[in-house]
Every structure is written in structure tokens, then in C-alpha cells.
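Here is the structure we will look at.
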Amino acid sequence: MNGKEKKYEELLPQVAALIEGEDDRVSVMANVAAALHYAMGFFWTGFYVVSGNELRLGPFQGTVACMHIARGRGVCGTAWDRGETIVVPDVEQFPGHIACSSESRSEIVVPVRDASGKVWAVLDIDSRELGTFDDTDRRYLEQLVGLLRF
């Protein structure tokens, strides 16, 4: 197990305990974003919530961010539209990337589903480094958002 896996292995039960019994989405997203951001040392960690035909900025940790993202636009809108996790090693190479911060170099976006399987939000994480995210991140972050079933 590498260092990244170890951090995720320690974080998942902590997050599960933190949100156990909580039913307020905003409060849960706020604490999950904070826990993930500080445990992993990411540049930007947060949620965008589905509202009609766009994503709206939700709880996050990091620099200011875009407040509205259309379905199918950028990495977040594309992950929502496809209903699948997207790993982007170099955001400059992603067609239609929305640059909320010029410091963001790589990104991962994970759809968050409700109990019926419908996407109600996306978890968006950015790094200042190229190639930060891989299948390890995908696997653990998909497990993490699986805890957010409302």
C-alpha cells in the first residue's frame, strides 16, 4: 500500500463516522470537503450541486470558484452529463475546460448519486501539479461519495 492509499484508508472510516446519522446535505458536503482537503492536501476540493440544467457551487475548500456550470461543459458538467468519474491529467488538454483558477493543472470529478442512482452533485478536486490523479484516487473517491446517499 502506497502513501496515498494509506491516507484514503484512514480517511474513509473517519468520514463515515463524521457524517453518520446526518441528513443535511450542505453540512455533510462542507465537512466532507474539509476532511478530504486537509487529509490529502489538495489545491481545491468541493462540490457542485445539480440545480435544473446547471451545477451550482456548493461547499468547498480552496480559492474562489466558478458559481455556475452548464450541463456538459467543462470537466464537472461533462462528468455530470456522462454520469461517470473523469480523471484529467492536464486540464489544458481537456476540450472546453473551464479555468476557474489558472493554478489548477490536473483534476478529478466524481458524480454523487442519491439512493435511486440519480446524480445530485459532483465532487470536484483540483491539483496544482500535472498528473496528480489516477485509478487509486478514482477508486477511493467513488467509495467516499458512496457514503453520501440521501
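No experiment lies behind these values; they were computed from the predicted model shown.
Looking at heavy atoms from C-beta onward, Tyr140 lies out of side-chain contact with Leu11 at the 4.5 angstrom threshold. A 4.5 Å side-chain heavy-atom check between Ser106 and Asp126 finds every atom pair outside the cut-off. In this structure, Trp80 and Arg71 have side chains that are in contact, with non-hydrogen atoms separated by less than 4.5 Å. By the 4.5 Å heavy-atom criterion applied to side chains, His68 and Ser51 are not counted as neighbours. Contact of the Trp120 side chain with the Arg25 side chain is registered, since non-hydrogen atoms from C-beta on lie closer than 4.5 Å. No side-chain heavy atom of Val145 sits less than 4.5 Å from a side-chain heavy atom of Pro111. Val32 is listed as a side-chain neighbour of Leu148, based on a closest heavy-atom distance under 4.5 Å. Annotation: side chain of Met29 is not in contact with side chain of Val112 (no heavy-atom distance under 4.5 Å).
Note that the CD atom of Glu142 and the CD1 atom of Ile108 stand 7.5 Å from one another [nearest 0.5 Å]. Rounded to the nearest 0.5 Å, atoms SG (Cys76) and CG (Leu123) are 9.0 Å apart. Note: Leu36 CG to Leu144 CG = 6.0 Å, rounded to the nearest 0.5 Å. Gln61 CD to Phe47 CZ: the interatomic distance, rounded to the nearest 0.5 Å, is 11.0 Å. To the nearest 0.5 Å, atom CG of residue Leu18 and atom CG of residue Leu147 are 10.5 Å apart. Atoms CD1 and CZ, from Ile86 and Arg138 in turn, are 9.0 Å apart once rounded to the nearest 0.5 Å.
A donor-acceptor pair is defined here as one N or O able to donate and one able to accept, closer than 3.5 Å; no such pair exists between the side chain of Arg105 and the backbone of Thr132. Formation of a donor-acceptor pair under 3.5 Å by the Ser127 side chain with backbone atoms of Phe42 is not found in this model.
Checked against salt bridge (Lys or Arg N to Asp or Glu O under 4.0 Å), Lys4 has the following partners two or more places apart in sequence or in another chain: Asp134, Asp137. Looking at residues two or more places apart in sequence or on another chain, you find no salt bridge (Lys or Arg N to Asp or Glu O under 4.0 Å) involving Arg149.
Across all non-hydrogen atoms, the minimal contact from Thr78 to Gly74 is OG1-O, 2.5 Å. Ala35 approaches Val15 most closely through the heavy-atom pair CB-CG2, 4.3 Å. When all heavy atoms of Pro59 and Ala33 are compared, the pair lying nearest together is O-CB, 4.2 Å.
A donor-acceptor pair shorter than 3.5 Å cannot be found between the side chains of Glu54 and Tyr48. For the residue pair Thr63/Glu103, the side-chain donor-acceptor check at 3.5 Å is not satisfied.
Met67 and Val109 fall within the same hydrophobic cluster, defined by Ile, Leu, Val, Met, Phe, Trp and Tyr side-chain heavy atoms under 4.5 Å apart, directly or through other members.
The aromatic rings of Trp44 and Phe60 lie parallel to each other, their planes meeting at an angle below 30°, with 60° marking the opposite boundary.
Applying the 6.0 Å contact sphere to CZ of Arg73 captures no more than 12 heavy atoms from other residues, nucleotides or ligands.
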Exercise for review: Could you give me the CA-CA distance, side-chain angles and deciding distance for Val75 and Asp124, then say whether side-chain contact (heavy atoms from CB on, under 4.5 Å) is met?
Suggested key: CA-CA 9 Å; Val75 183; Asp124 178 24; 5.8 Å; no

